[in-house]
Peer 1: 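Would you mind keeping the following structure in view while I ask a few things?
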Amino acid sequence: MSKAIQSANVSIKDVNLFYSDFQALKDINMEIPANQVTAFIGPSGCGKSTLLRCLNRMNDLIEGCKVEGTIKVGDVDIYREVEVNELRRSIGMVFQKPNPFPMSVYDNIAYGARIYGIRKRSELDEIVERTLKQSAMWEELKDRLRKSALGLSGGQQQRLCIARALAVDPKILLMDEPTSALDPISTGKIEELCAELKQTVTIVIVTHNMQQATRISDKTGFFLLGDLVEYGDTEQIFEAPRMPETERYITGRFG
Amino acid sequence: MTVVFGIAAAFSVVAVIVICIFLFVRGIPAMAKVGLFDFLFGVDWRPNNNDVFDQALEGMYGILPMIVGTLCATAGALLVGGTIGYLTAIFLAKFCPKKIKGILSQVVNLLAGIPSVIFGFFGMRVLSPFLGIFTSNGSGSGIFLVSIVLGIMILPTVVSLSKNAIEAVPDAYYEGARALGASHEQAVFKVVVPAGRSGVLASLILGVGRAMGETMAVVMVAGNSPVFPTGLFRSFCTLTATIVKEMGYAEDVHLSSLFAIGCVLLVFVLIVNLILHMVSREKKSNRNGRQGRLVPDWLRGFYAKIDRPLGKFKKGCCYGAAAFSTVALAGIVLFVMINGIPHITWDFLTNNYTYGSGPTIMPALAATGLLIVVSMVIAIPIGIATAIYLHEYTKRGNKLVKVIRSAIEVLSGVPSIVYGLFGMAFFCTFMNLGTSIISGSLTVTIMILPVIVRSTEEALIAVPDSYREGSYALGATKLRTVFKVVLPSALPGILAAVILAIGRVVSESAPLVYTMGASPRPAPSGLSSPGTSLAVLLYYYTGEGLYLDQAYATAAILMIIVLGLNLLSTFLVKKLQRRTTGA
Ligand SMILES: Nc1ncnc2c1ncn2[C@@H]1O[C@H](COP(=O)(O)OP(=O)(O)OP(=O)(O)O)[C@@H](O)[C@H]1O
Ligand SMILES: [Mg+2]
């Protein structure tokens, strides 16, 4: 039976993850509050993306990947009590490299809606307009809705991907280094967008950029070699880290 | 849905099994009667053996001369076509000026579809008389001519596939080499070309397979005496040519022995595939294990000294090869067009055939059209479904997938004349469909299936995984992801595959001679009536020698159709690409 996902707080309990024999996550415990921005930071290869991809079960697509422990969104166990496509509908994802489909801007945004059976032109039009406005792109794009999305700039493509994810009304939006391939101006736009979006969705973002974490996140988790070393309010993490590793990392001594 | 795709994919496996069964069941009687050893290593092929008083004696069925002939012809073709094709590909990919690159690559792609009968025809009418000037018997037939004809024939295939492989190497490799101070030539020959090696090898596999299995082009220029190829200009015969020459009248043991030759051919092709597989695997492990150890310093210094001039020399070879390829291929096209087009008349194109009337081509056009439609209607869905199953629905290392892949590999290596044998035994005789359009179409369907599967799979591989991830992340099912995102993105490639396959159907003659019909006849009245396709008709006219003008006209029409198809495909691909990349 597939339960519906109602609320947007995530609780991760005793999660261990293995890629075949390699353990990529070790005993992760963490509560991600609703309607806030939570940042995952840590050196390369420490498992940030891996944990993020657990939250919408993208790891299911990887051969040999095994997840132990429980992850609940609201009171729904996402590995046991919900159908995977249903889950992904409620939890959107934005990737490091912008990946718009090779279709028009309009069709990109309508893609998700069409999955859930919305066929009527007027409804789709409405969704496209609403999400483009929500992601602050309507003015830029309203005259080129029929043009291929691949013709947009990298920053526009990434915001389009955010819009595409928003079009299905997700409760949570997962972002894996969404700005690492973008210029500072596009990055700024996306950060602003996050600040606005958190009114309506919960955001979990992976970033390598400490400033970005301090600018946009409310909570920060620091990972090292598959461990969640420290997790707390962003201010506290950056101003008064409890763990020496955290301090070393944020002052740039490794990673 | 997985099941549906899986069933389609299993089709290839079943096809391979049935082909083997039918070939061996028909071939074993001869092998048993003659004895396997005497069959394979006997040096006399005299199926209709008469003594001096014209009394029939027991036939002799030793195929060693033809085995040697086939091996020599293949080696010659690889020497000519493989080398020149490989170098031309490097030229096109890395040295060609931007301006002409697009045009040249397209021309090569276009030429990849030229029917083998036309190469044979060209060899027979132009090269053979020319070489004959230098030989004692006035004929240029023999291993030399066969090598050249087959070499030119496999050129476009080798060039376009190798070029793709080289171009698929990430730019970062090239840039990395340049950043370390390598010259353009060094970067190309040391880094880019080696990195594209497995693809280049694949193109050579295809080339070898095509040359070894080629029938029509060979039978027209080999001379066809069942003896060892003892000189470059001596008449000889290959396995394939023997089959097509004698199939029409062979009976009993003789007929069975032709099937046995088919078995031998099949085994040969398997061996070739196997060897090349091993070679390519070995190369790969070499590359990983070698990392700059055990090269003495003096050698390294010496090498560094000659390296740049060597690069220049290799580059020169590439230019030369490209020039040769262009001249040879353009020469053939022009020659056929110039000699053929003036003889294309309205009556020739539109009159139906009646007994005793002059040559006409309308029935052949109709037969070819039906052949295309029937074979495509069956092969496209099965082929695409197979590719989807292999690439989207299965995990790496899956046993079943390995079996299916090998089956497809085998199918694509089976020589076309062997398909002819199989079609005759299975569709015409066993299924009782007779010599008919439907028999020919079904035979050809199996033959082009691998073409469609492979190219479709290539197209699927080229679709970035990020598209799939993007779709799954929105909650799309696999089926939707495949049909709404992956297939549309792959469409240009799939379309190109389909048109390529149509081109092959139009060009093929060997599988059709004895399954569909080989002489002029009225237009087919349905799928169960026999029909002679264009390419087969050209073979017939060439063999007759009576209607040379019409032969040229037929060749020209055949060429126009095939080139037109390929043009259409490039045009469509371009258009779709523009739409999907937003440029
Ligand atoms: N598909 C996979 N198969 C096997 N191991 C993997 C796979 N994906 C990731 N890993 C390994 O798991 C560990 C964590 O990877 P992950 O991608 O989560 O790191 P990350 O923190 O996101 O790093 P980055 O900052 O570089 O993106 C790494 O050691 C990586 O090598
Ligand atoms: Mg990552």
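Throughout, a chain's letter reflects where its sequence line sits, starting with A, and its residues are numbered from 1.
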Peer 1: Yes or no on side chain to side chain contact (heavy atoms under 4.5 Å, CB included) for A:M103 and B:V485, after CA distance, side-chain angles and deciding distance?
Peer 2: CA-CA 9 Å; A:M103 321 166 172; B:V485 176; 4.0 Å; yes
Peer 1: For residues A:I115 and B:G475, report the shortest heavy-atom separation together with the two atoms involved.
Peer 2: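 Minimum heavy-atom separation between A:I115 and B:G475: CG2-O, 4.0 Å.
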Peer 1: Counting heavy atoms not belonging to B:K484, are there more than 12 under 6.0 Å from its NZ?
Peer 2: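 No, NZ of B:K484 has 12 or fewer neighbouring heavy atoms, counting only those of other groups under 6.0 Å.
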Peer 1: With chain B, which of A:R164, A:K97, A:M93 has the greatest number of heavy-atom pairs at distances under 4.5 Å?
Peer 2: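 Ranked by contacts with chain B, first place is A:R164.
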Peer 1: Tell me, do B:Y472 and A:D60 make a side-chain contact under 4.5 Å, heavy atoms counted?
Peer 2: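 A side-chain contact is absent here, since even the closest heavy-atom pair is not under 4.5 Å.
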Peer 1: Is A:N99 reaching over with its side chain to a backbone N or O of B:Y467, donor-acceptor style, under 3.5 angstrom?
Peer 2: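 Not a single qualifying donor-acceptor pair exists.
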Peer 1: Charged N to carboxylate O below 4.0 Å: is that the case for B:E469 and A:R53?
Peer 2: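 So B:E469 pairs with A:R53 through a salt bridge.
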Peer 1: Would you indicate whether A:K142, at its atom NZ, is surrounded by more than 12 heavy atoms from other residues, nucleotides or ligands within a distance under 6.0 Å?
Peer 2: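 Check passes, neighbour count above 12.
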Peer 1: Quick one: CZ on B:R480 to CG on A:N85, what's the gap to the nearest 0.5 Å?
Peer 2: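 B:R480 atom CZ to A:N85 atom CG measures 10.5 Å (nearest 0.5 Å).
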Peer 1: Quick check on A:P100 against chain B: is it the side chain, the backbone, both or neither that has a heavy atom closer than 4.5 Å?
Peer 2: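 It is the backbone, since no side chain atom gets that close.
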Peer 1: Out of curiosity, B:L474 CG to A:N108 CG, how far, rounded to the nearest 0.5 Å?
Peer 2: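 Interatomic distance, B:L474 CG to A:N108 CG, rounded to 0.5 Å: 9.5 Å.
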Peer 1: Examine whether an atom of A:L87 lies under 4.5 Å from a heavy atom of chain B, and if so say whether it belongs to the side chain, the backbone or both; otherwise answer neither.
Peer 2: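 Neither; nothing under 4.5 Å.
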Peer 1: Using side-chain heavy atoms (C-beta onward) and a distance below 4.5 Å, is B:V486 in contact with A:F101?
Peer 2: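 No, their side chains stay 4.5 Å or more apart.
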Peer 1: Can you tell me if A:Y106 has over 12 outside heavy atoms packed within less than 6.0 Å of its OH?
Peer 2: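 Check passes, neighbour count above 12.
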Peer 1: What distance do B:S471 atom OG and A:Y111 atom OH have between them, rounded to the nearest 0.5 Å?
Peer 2: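 Going from OG on B:S471 over to OH on A:Y111, the span is 2.5 Å.
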Peer 1: Just give me the residue among A:R57, A:R89, A:M58 that pairs up with chain B most often, heavy atom to heavy atom, under 4.5 Å.
Peer 2: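 Ranked by heavy-atom pairs under 4.5 Å with chain B, first place is A:M58.
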